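Beneath this line is the structure, given in structure tokens, with notes to follow.
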Amino acid sequence: MTPFVYADHAATSPLSPGARAAMLPFFDVEYGNPSGLYAFSQRAKEALEKARAQVAAALNAPADTIFFTSGGTESDNWALQGVAQSPRVKGRHLILSAVEHHAVLHTARHLEKQGWEVTLLPVDAQGMVSPGELEKALRPHTALVSVMLANNEVGTLQPVKELAALAHAAGALFHTDAVQAVGRIPVDVEELRVDLLSLSGHKFGGPRGTGALYIRKGTPIVPLLHGGGQERGRRSGTENVAGIVGMAAALTEAVAHMEEDNARLTALRDRLSATLLAIPRSALTGHPTARLPGTASFTFEAIEGESLVLRLDALGVCASSGSACSSTSLEPSHVLLAMGIPHEIAHGSLRLSLGPRTTEDQVDHIISSVTRVVADLRAMSPLWTG
């Protein structure tokens, strides 16, 4: 029987037991609309506010700075467009890194069409943004800087604290897409001093379709959605109480076990990396140490990433050639290209992202499977010279 090994936690994660248990009553017992005035609905409202406090505690934020959304994409869109449309914002210049998620890059492209000037910060060969590059790009009319906390493809952690300080010194706001980071590494909005932070529930064991945007008090931002005035008038739409409760439970669970989980995941990731890098003409992409505990990304010369992923699937290994959101594209990763990796090598990328349930035996199966598939594909490739 072919084993099943899930190594794509950067794409999504399995629902945690704690999240599932917390959600169940809100499907068919406590199904009240939290906007209602009667006691039945107020129980849903209480659950919603408890969840808000749990998410806030995980980020070291006040509860009234957390606003629930449908996920990371909505949160990113709201952060950029909400600031851009605010009459309190002076200037129409946006700065972001060249390796942002498409939810940020495509929103910036949309703002460009509305007259905004957009500057893309370059990254080094390890996918890191230099504070010096941001300092050079900042202008008197820069309104917002957006740099992700952890990259979704290669796992590199960005120096967000230093970048945010530079943005603030220039009078600009700072947003970070922390979708890959929250629930996986410690995230403290007071330490980072960011003005806006996006997160998504399904990355850390919560249900899909849940997320949040942290908005520091006083940040100029207008609603993206209009309607019934939910979320204190900031984000209209009947709240997904079951999903929000599940997300909060999953995040509380992830934070409680983070230290032990990360120590184990880092050891597994490092063993995986060391073994796969023994394959000739392979390379680790991203920063070797300043990276997410469970993420390892590689390139293999003379290999096509899609073929590698499909062959691994036949051996029971779920992996990715890059971001799950762009898996239907035949173009190489914009992240790898921004890091200076040649087009033909970037095509042979593989992202392996481990999770709390990953075992040593599963890592052994990943190693043997990747080694076998790379050898098989190279044997058929006219590009492989050995």
Side-chain angles (χ1 to χ4, degrees), residues 2-14 125-127 150-157 180-181 183-185 203-205 254 257-324 327 333 335-336 339 341 345-346 348-378:
T2 303
F4 175 79
V5 178
Y6 187 73
D8 202 18
H9 288 82
T12 195
S13 59
Q126 296 174 335
N151 186 263
N152 54 300
E153 293 193 25
V154 299
T156 295
L157 304 178
Q180 292 290 334
R184 291 178 174 152
I185 60 172
K203 303 297 186 180
F204 49 76
H257 299 103
M258 187 178 291
E259 187 173 351
E260 61 192 83
D261 282 345
N262 286 355
R264 193 179 65 83
L265 284 173
T266 299
L268 291 175
R269 180 204 69 194
D270 289 349
R271 181 158 70 87
L272 180 69
S273 298
T275 310
L276 293 185
L277 289 175
I279 297 173
R281 285 156 63 180
S282 64
L284 182 73
T285 60
H287 198 283
T289 55
R291 66 190 303 125
L292 291 170
T295 299
S297 175
F298 307 89
T299 57
F300 300 95
E301 291 186 36
I303 293 290
E304 219 245 338
E306 287 76 14
S307 298
L308 178 55
V309 168
L310 291 173
R311 290 291 191 102
L312 288 173
D313 183 42
L315 296 174
V317 177
C318 300
S320 169
S321 60
S323 168
S327 61
S333 158
V335 173
L336 299 185
M339 290 162 57
I341 296 173
I345 294 178
S349 63
L350 177 69
R351 180 185 69 184
L352 297 164
S353 45
L354 315 178
R357 303 182 191 181
T358 306
T359 66
E360 291 190 14
D361 287 344
Q362 288 177 334
V363 168
D364 288 339
H365 182 68
I366 294 170
I367 290 169
S368 63
S369 298
V370 173
T371 303
R372 172 182 164 183
V373 170
V374 168
D376 289 348
L377 290 175
R378 282 177 170 173

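Keep in mind that this is a model prediction, so the values were computed, not measured. Because only heavy atoms are used, hydrogens play no part in the values below, and waters and symmetry mates are left out as well, while side chains stay in.
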Between the side chain of [X] and the main-chain N/O of [Y], is any donor-acceptor distance below 3.5 Å?
| X | Y | result |
| --- | --- | --- |
| S353 | G294 | no |
| T358 | G355 | yes |
| T156 | Q126 | yes |
| S320 | R351 | no |
| T371 | S368 | no |
| H365 | F4 | no |
| R378 | E301 | yes |
| R269 | L352 | no |
| S282 | I279 | yes |
| Q180 | G155 | no |

State which residues pass side chain to side chain donor-acceptor pair (under 3.5 Å) with [X]; sequence neighbours excluded, sorted by chain then number.
| X | answer |
| --- | --- |
| T285 | S297 |
| D313 | none |
| T2 | none |

Exercise: identify the closest heavy-atom pair between [X] and [Y]:
| X | Y | result |
| --- | --- | --- |
| A254 | G183 | CB-O, 3.6 Å |
| V309 | A319 | CG1-O, 3.6 Å |
| Y6 | T12 | OH-O, 2.9 Å |
| N151 | L292 | O-CD1, 4.3 Å |
| A181 | A150 | CB-CB, 4.1 Å |
| A296 | S273 | CB-OG, 3.7 Å |

Rounded distance (nearest 0.5 Å) linking atom [atom1] of [X] with atom [atom2] of [Y]:
| X | Y | atom1 | atom2 | answer |
| --- | --- | --- | --- | --- |
| E304 | L377 | CD | CG | 9.0 Å |
| T266 | D261 | OG1 | CG | 10.5 Å |
| D8 | T295 | CG | OG1 | 9.5 Å |
| F298 | I303 | CZ | CD1 | 14.0 Å |
| L157 | T289 | CG | OG1 | 9.0 Å |

Decide side-chain contact (heavy atoms from CB on, under 4.5 Å) for V370 and L272; before the verdict, give the C-alpha distance in whole Å, the side-chain angles of both, and the deciding distance to 0.1 Å.
CA-CA 10 Å; V370 173; L272 180 69; over 6 Å; no
Got [X] and [Y] here, is their nearest side-chain heavy-atom distance under 4.5 Å?
| X | Y | value |
| --- | --- | --- |
| R184 | L265 | no |
| L312 | L350 | yes |
| L336 | V154 | yes |
| R271 | L268 | yes |
| P356 | H257 | no |

Does R291 pair with D270 as a salt bridge, N-O distance under 4.0 Å?
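Salt bridge flag = no for D270 with R291.
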Within a reach of under 6.0 Å around CD of E259, are more than 12 heavy atoms found that belong to other residues, nucleotides or ligands?
no
